[in-house]
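As the structure is a prediction and not an experimental result, all values here were calculated from the model.
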Amino acid sequence: MKSYGITDIGKKRKINQDYLFFSDEPVGCFPNLYIVADGMGGHKAGDKASSYSVKRFVELAGKAEKEVPFLVMEKLLDQVNREVYQLSQKEEKYEGMGTTFVAATVVDQVVYVMNVGDSRLYYYDGSLRQVTMDHSLVEELVRAGELGRMESRHHPQKNIITKAVGVADEIQPDFFMLDMGKGQKILLCSDGLSNMVDDDKLEEIMAESGEVEELAKKCIEEALFYGGLDNIAVVIAQCENGR
């Protein structure tokens, strides 16, 4: 695997509440690991929730025993969720904080994906498709047939998420699994990218032949070009030589 991650505060926010991690080398029981988190809450709470969740997940992963990837991911996120929730209950400045969380690891050319909230993972194999499903009010309306997909992109309540790490003492993430071959890519991102740049444009970027670093930076540039209304986080990983 070959990856690169980058985050940008955007043009409107005063604090960057997005946080990411990427490693092509083993992280404990995982042969590689890629994470994007988008915090929510008050002045200090959002960035605390996202940074703490990612750092703590990585720390716990380094000590975890090898199991089926989904089992490990679920156990680690459960512990992280409890810790973030406890922090929010103990300290007033962290009250109400939470974070989205999308993570992936690639084991023997199989991508294991876990997500909570509306940060996304896309898969590119010549065409781009969204793998994760947003845990958001607008997405629920779309699934119920009460709102069209195109209308959802500009809905005034688009940023209301229905699940987040740290807002309750229990968490139920979604899990996805897909095959990944040589040259194929995954894109993890916060809604600062997906709300600003449509899927057709993201597909154009992912189709380019440049290094993953160039493609990730191009994603940031496009999000800023189209307004940069939120923090932006991007991780792109590509399968090399069938690994």
Could you tell me which non-hydrogen atom of S119 sits nearest to which non-hydrogen atom of T100, and how far apart they are?
OG-OG1, 2.6 Å
Please check if the distance between the ring centroids of Y19 and Y52 is under 6.0 Å.
no
For F30 and P69 the tightest heavy-atom approach is CE2-O, 4.2 Å
Of the non-hydrogen atoms in F57 and L77, which two are nearest, and what is the gap between them?
CE1-N, 3.8 Å
Transitively linked via ILVMFWY side-chain contacts under 4.5 Å: V80 with L87?
yes
Looking only at the side chains, is there a donor atom on one of D199 and Y122 sitting less than 3.5 Å from an acceptor on the other?
yes
Does the distance from a Lys or Arg side-chain N to an Asp or Glu carboxylate O, for D230 and R13, drop under 4.0 Å?
yes
What pair of heavy atoms forms the shortest contact from A64 to L76, and how long is it?
CB-CD2, 4.4 Å
Could you grab the distance from atom CD of E67 to atom SG of C29, nearest 0.5 Å is fine?
8.0 Å
Can you tell me how far CD of E222 sits from CD of E204, rounded to the nearest 0.5 angstrom?
8.5 Å
Output all residues satisfying ring pair (Phe, Tyr, Trp, His ring centres under 6.0 Å) with F225, sequence neighbours left out; order by chain, then residue number.
none
Under a 3.5 Å distance rule, please check whether S50 uses its side chain to pair with a backbone N or O of D38 as donor and acceptor.
no
Working note: Y226 + V197, criterion side-chain contact (heavy atoms from CB on, under 4.5 Å); need CA distance, chi angles, decisive distance, verdict.
CA-CA 7 Å; Y226 286 109; V197 185; 4.3 Å; yes
Going through the checks in order, is the side-chain hydrogen bond (donor to acceptor under 3.5 Å, both in side chains) test met by T105 and N32?
CA-CA 6 Å; T105 186; N32 45 66; 3.2 Å; yes
Can we call the ring centroids of Y34 and F22 under 6.0 Å apart?
no
Before accepting this row, confirm whether a basic side-chain N of the pair K217/E213 lies closer than 4.0 Å to the acidic partner's carboxylate O.
yes
Main-chain N/O of N16 paired with D47 side-chain donor or acceptor, under 3.5 Å:
no
K48 NZ to S53 OG distance, which is reported to the nearest 0.5 Å:
10.0 Å
Criterion side-chain contact (heavy atoms from CB on, under 4.5 Å) on E25 and S23, from CA distance to verdict:
CA-CA 5 Å; E25 300 302 319; S23 175; 3.9 Å; yes
Would you say CD of Q172 has more than 12 non-hydrogen atoms from neighbouring residues, nucleotides or ligands within 6.0 angstrom?
no
Evaluation steps, side-chain contact (heavy atoms from CB on, under 4.5 Å), between R129 and Y124:
CA-CA 7 Å; R129 67 180 175 93; Y124 179 79; over 6 Å; no
I'd like to know if K55 pairs up with E59 as an ion pair, taking the criterion as any Lys NZ or Arg NE/NH1/NH2 lying under 4.0 Å from an Asp or Glu carboxylate oxygen.
no
The residue among L128, I186, D125, V212 that forms side chain to side chain contact (heavy atoms under 4.5 Å, CB included) with M206 is L128
Set out, in order, the CA-CA distance, both residues' side-chain angles and the distance that settles side-chain contact (heavy atoms from CB on, under 4.5 Å) for V116 and D174, then state yes or no.
CA-CA 7 Å; V116 174; D174 284 347; over 6 Å; no
Strictly distance-based, threshold 3.5 Å: is any side-chain N or O of Q238 a donor or acceptor partner for the main-chain N or O of G183?
yes
Chi angles and distances behind the side-chain hydrogen bond (donor to acceptor under 3.5 Å, both in side chains) call for T7, D18:
CA-CA 7 Å; T7 182; D18 286 2; 4.6 Å; no
Would you compute the distance between atom CE of M73 and atom CD1 of I35 and round it to the nearest 0.5 angstrom?
8.0 Å
Where the side chain of H135 meets the backbone of K163, is there a donor-acceptor pair that is under 3.5 Å apart?
no
Would you name the heavy atoms of L121 and A104 that are closest together and state the gap between them?
CD1-CB, 3.7 Å
Using only heavy-atom distances, determine whether the side chains of Q184 and Y123 contain a donor-acceptor pair under 3.5 Å.
yes
Under the side chain to side chain contact (heavy atoms under 4.5 Å, CB included) test against R120, which residue among D191, V102, D134 passes?
D134
Path from L224 to L215 over hydrophobic side-chain contacts below 4.5 Å
yes
With the side chain counted from C-beta on, respond yes when F176 and N115 share a heavy-atom pair under 4.5 Å apart, and no when they do not.
yes
Shared hydrophobic cluster for M40 and Y85 (ILVMFWY, side-chain gaps under 4.5 Å):
no
Is it the case that one hydrophobic cluster holds both I6 and L229, taking links as side-chain heavy atoms less than 4.5 Å apart, direct or via other members?
yes
Shortest non-hydrogen pair, C219 vs L193, comes out as O-CD1, 3.4 Å
Are F175 and M177 co-members of a hydrophobic cluster defined by side-chain heavy atoms under 4.5 Å apart?
yes
So which of K201, K185, K218 actually passes salt bridge (Lys or Arg N to Asp or Glu O under 4.0 Å) with E208?
K218
When rounded to the nearest 0.5 angstrom, what distance separates SG in C189 from CE in M196?
12.0 Å
Interatomic distance, I205 atom CD1 to E214 atom CD [nearest 0.5 angstrom]
12.5 Å
Taking salt bridge (Lys or Arg N to Asp or Glu O under 4.0 Å) as the cut-off, I'd like each qualifying pair that reaches into residues 78-88, sequence neighbours left out, listed once.
R56-E83, D78-R82
Verify the neighbour count for atom CD of E211: are there more than 12 heavy atoms of other residues, nucleotides or ligands below 6.0 Å?
no
